[in-house]
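Read through the structure below, which is laid out as structure tokens, and then see the notes.
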Amino acid sequence: MTTTAPRPIRARDRVLPHPPYRLPVLGDVWDLHVTDSSQWGMRGAQRYGGIYEREILGARITYVSDPELLREINDDALWSKFLGVPIRDLRSVAGDGLFTAHNSEPNWARAHAILAPSFTAPAMRGYHATMRRCVGELVEHWTARAGEWVDVPGDTNKVALEVIGRTGFGFDFESFTRTEAHPVVSAMLRALTYINRSAYSHPLVERTAFRRQRAQHLADVALVNGTIDEVIAARRAAGAGGYGDLLDRMLTVADPETGETLDEKNIRNQILTFLAAGHETSAGVMAFALHYLAVHPDIAARARSEIAEVWTGDELDFEQVAKLRYVRRIVDESLRLWPTAPGYFRKAKADTLLGGRYPFERNEWVFIVLLQLHRDPLWGGDPESFDPDRFLPERVRARHPELYRPFGVGMRACIGRQFAYHEIVLVLATVLREFDLTADPDYALRVRETITLKPEGLRLKLSRR
Ligand code: MNH
């Protein structure tokens with residue numbers, strides 16, 4: 001009997017499909033798209049396959065959308081969350097908040113333990129009335145504009161921001177009463193746009209060519225931080241404890257494991273994290289879903305008959321939201337075609353031979369191309385078609401387990417998933433019940449990327465039913 005020593009895992013032995021015409025030093029730089037990087041990542045997967053790479057100035061970006069490879073990559077025992085460039089750069093504003101914390105930072109586990117109960121069903125019940133009031137403001141806003149074209153992604157952004165601001169921290173951005181956005185909102189938006197653009201830039205370039213934008217960025221960050229510190233101080237002064245929201249828990253609850261509470265700076269980071277992570281993504285889903293409902297009257301009609309059956313009183317109750325199974329499938333199908341967080345990064349925990357074929361050294365990372373995974377041939381039929389019944393329970397059970405991952409995976413998966421479903425279903429059900437939707441016949445769906453995805457320029461006409 002002979003034993004052979006295992007072959008060492010070496011990154012340089014990894015051979016992957018990549019764009020043609022690779023240049024010395026520059027690599028595949030000519031093939032990099034910064035303004036639509038996720039859609040470009042999907043195009044690449046369609047050309048080069050379920051695993052491929054681009055090499056940029058010696059750095060390798062590996063794109064994965066093969067569900068079989070994801071069995072390994074999505075397993076926390078083998079791979080873990082990685083803060084890819086766009087996420088790492090968010091640390092300049094969100095620091096060690098839940099989303100941007102490194103796996104090893106003690107504040108992650110502490111904040112996760114303290115905040116997880118805020119996203120359970122009983123907690124959601126406590127937010128329901130506040131959520132409903134925010135949706136009421138959207139209905140009022142659209143009622144006043146009946147028969148006009150309304151800016152759908154702009155307005156869903158407002159409602160989602162109000163929902164997280166008020167349920168999370170008791171903060172009212174007055175989105176529907178102001179003529180211009182709240183200064184904090186403009187500052188946050190500019191900050192995110194700046195971060196997204198400068199993600200692949202060099203500090204020296206930012207200090208010279210982008211000097212003015214960088215100064216604006218620093219002022220924006222200061223304004224946002226200052227406002228949040230005021231919110232925290234006001235709650236402390238009013239006496240935390242009776243509000244039952246995220247801020248209350250952060251100010252009063254200790255980690256059951258260690259007995260430690262969150263420090264002041266970390267609380268600010270968490271608030272920023274929840275404001276940013278907790279509204280853009282949900283707002284985008286609402287907007288995509290309204291687009292599909294407007295162009296598929298048959299689907300809207302089926303949803304309306306379910307809504308009529310479930311929503312029997314004046315107001316939609318907490319328990320009734322969970323009974324809107326078809327509306328929920330519309331949300332799932334919108335998130336399939338346009339996962340508004342279009343991907344996530346994972347890094348290898350140890351040297352590994354991915355899929356038995358591709359050597360990755362410890363800490364090497366990959367990007368998961370959700371746009372392509374969610375269009376994999378395993379979905380069957382025409383993956384581009386909008387069909388909520390793909391999410392019928394029996395079809396979900398029969399499908400490959402790694403085929404649908406809009407909220408990420410493992411211990412670092414989205415903490416706000418149930419919260420998002422609840423608010424989105426509530427918005428869609430209310431809008432469908434109150435309004436008829438008319439699509440713009442000249443509109444062709446274009447998707448804009450600013451870390452998250454939005455249907456660019458989507459407008460609808462709404463009239464009261
Ligand atoms: Mn959310 C993490 C998608 C709504 C708060 N969210 C993630 C991740 C994805 C994601 C994907 C994992 C990222 C990664 O692996 O790097 N989130 C969504 C989508 C929606 C969404 C598609 C809406 C639809 N998220 C929300 C809402 C909140 C929220 C609403 C808060 C109220 N999400 C978070 C936080 C994290 C996260 C916080 C980080 C969790 C952690 O790492 O512990």
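The chain is numbered in sequence order, starting from 1. Counting starts at 1 for both ligands and their atoms, in listed order. All figures in this text were calculated on a predicted structure; none of them were measured in a lab.
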If I take atom OG1 from residue T450 and atom CD1 from residue I195, how far apart are they, to the nearest 0.5 angstrom? 11.5 Å
Side chain to side chain contact (heavy atoms under 4.5 Å, CB included) partners of T130, counting only residues at least two apart: R133, R166, T167
Among all residues two or more places apart in sequence or in another chain, which pass the side chain to side chain contact (heavy atoms under 4.5 Å, CB included) test with E315?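 So E315 forms a side chain to side chain contact (heavy atoms under 4.5 Å, CB included) with R132.
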Which atom pairs, one a donor and one an acceptor, fall under 3.5 Å between side chains of residues 287-297 and the rest of the protein, sequence neighbours left out?
| residue | atom | partner | partner atom | Å |
| --- | --- | --- | --- | --- |
| Y292 | OH | W338 | NE1 | 2.9 |

Enumerate the protein residues lying less than 4.0 Å from ligand 1, judged by heavy-atom distances, in chain and residue-number order. K81, I87, L98, F99, W108, F119, I164, F274, A277, G278, T281, S282, V285, L335, T340, A341, Y344, P406, F407, G408, R412, A413, C414, I415, G416, F419, A420, E423
With a cut-off of 6.0 Å (strictly less than), are more than 12 heavy atoms of other residues, nucleotides or ligands near CD of E257? no
Do W79 and F360 have ring centres separated by under 6.0 Å?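 Ring centroids of W79 and F360 are less than 6.0 Å from each other.
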